[in-house]
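Along the sequence shown, the residues carry numbers beginning at 1.
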Amino acid sequence: MSEQLQARSDDYDPFEAFDDVIGGDIRDPYPDLAQKRRNSPVWEGSLMGAEMLPEGMEMSRGWTAFRFEDCSRILRSAKTFSSTGYDSTIGLVMGHMILGMDDPEHRIHRNLVANAFREKSLARWEQDLIGPICNELIDRFVRRGNAELVRELTFEFPVRVIARLLGLPEEDFAQFQRWSIELIGLGADIDRGLAASQSLKDYFGRVVAERRRSPRQDVISDLVTADIDGESLTDEAINSFLLLLLPAGAETTYRSSGNLLLLLLTHPDQLAAVQRDRSLLDQAIEEGLRLEPPLLLINRTATTEVELSGVTIPAGGDVTTCLGSANHDEERWENPDSFDIFRAPQQHLAFAFGPHMCLGMHLARLETRVVVNAVLDRLPGLRLDPDGDDPHIRGLIFRSPTSVPVLFDT
């Protein structure tokens with residue numbers, strides 16, 4: 001690893017800190033969310049405790065929406081429900097990024113960065129880059145007959161993909177993963193979050209400057225050279241987008257892939273069906289995202305007084321959409337709390353909705369498809385290890401398995 005990126009040798013584990021403080025240890029939030037959905041679909045209050053906020057930041061008055069209809073309306077209605085509130089939260093470490101922009105600024109920036117993450121653009125990377133990364137990781141344990149799929153595969157896989165898409169040196173991957181978790185986990189340790197933000201800004205600044213001098217075949221070069229009707233991205237805009245991309249691309253994808261693997265392993269009949277017929281994998285991915293989205297909450301700010309399910313939200317009021325509740329709405333899905341890859345497909349909100357719908361959703365789906373196919377192809381007889389350490393999905397804001405211990409035939 002390059003000298004500038006040498007990790008500090010202390011006992012702090014950012015991954016554990018993030019899960020404990022930001023993720024939380026709640027195994028099953030859905031009964032409580034269902035009760036709120038029925039009795040107070042737009043509830044004055046927050047599911048986030050004050051301890052989840054960075055030091056010095058106070059809880060503001062806010063409301064939480066629990067029904068699919070209200071949540072989708074909020075996410076679609078960007079004029080009424082603004083995204084700019086993110087500038088005063090995660091914007092502290094990421095700067096003014098696309099997530100915290102409203103139109104027309106949002107539309108301009110999204111158009112400039114979108115081409116690199118369109119489905120057709122990503123297809124070129126699957127065989128040459130994404131598949132080989134997955135197989136390199138599986139190579140480490142394939143002859144052993146057992147593995148812990150979170151730490152040994154799903155956790156490391158997406159950050160390696162993002163780093164290679166950006167054209168970054170492999171020796172820096174481990175430090176980037178650490179920084180990305182420290183960055184998004186500023187509620188766990190704000191000083192480390194700010195330090196990680198500055199380290200990434202400094203590093204990306206050097207890379208962007210080099211790509212402006214000599215573009216390559218990578219995503220940073222695509223961002224540097226992007227031009228639509230004379231509009232291009234400033235260095236500041238590129239840096240902010242990259243600061244968002246690293247944790248967003250690595251953090252949520254590792255969680256959703258781990259969620260799906262554990263759901264399939266705990267539903268062996270559906271695992272066997274996907275093993276026999278890989279055409280079922282795409283609908284399995286969507287069902288996993290619906291049932292266990294990696295991120296349960298998205299925030300907006302009301303720009304004007306507005307009514308939701310009979311509740312009046314004042315102008316300036318903070319509004320949280322509970323994606324986890326919306327994706328379990330019994331008015332939209334039959335038996336919404338069950339995992340069923342054969343259910344009729346319907347739009348879910350795991351990737352949000354409307355103008356801010358997740359820019360990386362095609363990459364996330366592609367990565368999950370690659371990793372599940374590789375696991376099924378290379379680990380015959382795949383099954384949960386009965387002596388594993390109580391694998392389960394946990395969390396209230398971010399959700400993922402603590403571990404996925406497996407056995408397989410060699």
Side-chain angles (χ1 to χ4, degrees), residues 116-143 147-168 170 173 176-177 180 217-219 222 245-265 267 270-294 341 345 350-351 358-382 400-401 404 406 408:
F117 294 92
R118 289 196 174 95
E119 204 163 7
K120 290 181 179 178
S121 300
L122 292 167
R124 59 182 168 146
W125 300 109
E126 182 172 357
Q127 287 188 333
D128 296 337
L129 188 151
I130 298 174
I133 292 172
C134 186
N135 282 307
E136 288 166 12
L137 294 171
I138 293 176
D139 285 343
R140 298 177 180 179
F141 58 78
V142 68
R143 294 178 180 84
E148 199 288 279
L149 293 181
V150 173
R151 285 287 183 166
E152 295 191 82
L153 180 60
T154 62
F155 192 76
E156 199 168 338
F157 174 57
V159 76
R160 284 180 168 268
V161 170
I162 290 292
R164 286 197 190 172
L165 286 173
L166 297 179
L168 306 180
E170 187 166 352
F173 288 2
F176 269 103
Q177 190 160 36
S180 73
Q217 293 295 313
D218 57 40
V219 168
D222 290 345
L245 176 65
L246 188 64
E251 175 68 26
T252 55
T253 303
Y254 109 73
R255 292 184 183 277
S256 58
S257 295
N259 289 347
L260 178 58
L261 284 168
L262 187 56
L263 287 168
L264 287 170
L265 286 160
H267 296 80
Q270 297 186 63
L271 174 63
V274 174
Q275 177 72 282
R276 289 191 304 269
D277 181 2
R278 298 303 174 83
S279 69
L280 296 173
L281 181 52
D282 284 347
Q283 60 202 62
I285 290 171
E286 297 309 311
E287 176 65 355
L289 287 164
R290 180 200 70 81
L291 186 71
E292 287 290 5
I341 67 173
F351 290 124
C358 178
L359 191 62
M361 62 184 175
H362 300 307
L363 177 59
R365 287 179 171 121
L366 173 59
E367 288 179 309
T368 301
R369 187 165 63 247
V370 166
V371 77
V372 174
N373 269 325
V375 163
L376 296 181
D377 286 342
R378 301 195 60 193
L379 309 180
L382 185 71
S400 61
V404 181
V406 295
F408 48 89

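- The minimum heavy-atom distance linking Gln217 with Trp125 is given by the pair O-CH2, 3.3 Å.
- Counting all heavy atoms, side chain and backbone alike, Ala147 lies closest to Glu152 at CA-OE2, 3.4 Å.
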With side-chain contact (heavy atoms from CB on, under 4.5 Å) as the test, would you mind laying out the steps for Leu379 and Phe141 before giving the verdict?
CA-CA 10 Å; Leu379 309 180; Phe141 58 78; 4.1 Å; yes
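- Leu291 pairs in a side-chain contact (heavy atoms from CB on, under 4.5 Å) with only one of the listed residues (Leu263, Ile341, Asn259), which is Leu263.
- A search for side chain to side chain donor-acceptor pair (under 3.5 Å) contacts involving Glu286 returns His348, Arg365, not counting sequence neighbours.
- Each of Ile133, Thr154, Thr253 was scored for a side-chain contact (heavy atoms from CB on, under 4.5 Å) with Glu367, with one residue passing: Thr253.
- For the pair Leu264 and Leu271, the tightest heavy-atom approach, listed with the atom from each and the gap, is O-CB, 3.3 Å.
- When every heavy atom of Gly288 is checked against every heavy atom of Leu260, the shortest pair comes out as CA-CD1, 4.3 Å.
- For the atom pair CG of Leu137 and CZ of Phe155, the computed distance is 12.5 Å after rounding to the nearest 0.5 Å.
- In this structure Ala272 satisfies the side-chain contact (heavy atoms from CB on, under 4.5 Å) test together with Arg276, sequence neighbours excluded.
- In terms of the side-chain contact (heavy atoms from CB on, under 4.5 Å) criterion, residue partners of Asp218 (sequence neighbours excluded) are, by chain and number, Arg211, Arg216, Ile220, Ser221.
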Kindly determine whether Arg369 and Ile130 satisfy side-chain contact (heavy atoms from CB on, under 4.5 Å), including the steps that lead there.
CA-CA 11 Å; Arg369 187 165 63 247; Ile130 298 174; over 6 Å; no
Assess whether side-chain contact (heavy atoms from CB on, under 4.5 Å) is satisfied between Val161 and Leu363, documenting all intermediate values.
CA-CA 10 Å; Val161 170; Leu363 177 59; 4.3 Å; yes
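- The existence of a salt bridge linking Asp128 and Arg164 is excluded, since no basic side-chain nitrogen approaches an acidic carboxylate oxygen closer than 4.0 Å.
- Side-chain atoms of Gln275 and Leu382, non-hydrogen and from C-beta on, never get closer than 4.5 Å to each other.
- When every heavy atom of Arg378 is checked against every heavy atom of Val142, the shortest pair comes out as O-CG2, 3.7 Å.
- Taken from CG in Leu166 to CD1 in Ile162, the straight-line distance is 6.0 Å, to the nearest 0.5 Å.
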For a side-chain contact (heavy atoms from CB on, under 4.5 Å) check, start with the C-alpha distance between Leu262 and Glu292, then their side-chain angles and the critical distance, and finish with the verdict.
CA-CA 11 Å; Leu262 187 56; Glu292 287 290 5; over 6 Å; no
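- Here Arg143 pairs with nothing under the side-chain contact (heavy atoms from CB on, under 4.5 Å) rule; sequence neighbours left out.
- Among residues two or more places apart in sequence or in another chain, the side chain to side chain donor-acceptor pair (under 3.5 Å) test is passed with Asp282 by none.
- Annotation: side-chain contact (heavy atoms from CB on, under 4.5 Å) contacts of Cys134 (sequence neighbours excluded): Ile138, Leu153, Phe157, Val370, Val371, Ala374.
- Counting all heavy atoms, side chain and backbone alike, Glu156 lies closest to Val159 at O-CG1, 3.3 Å.
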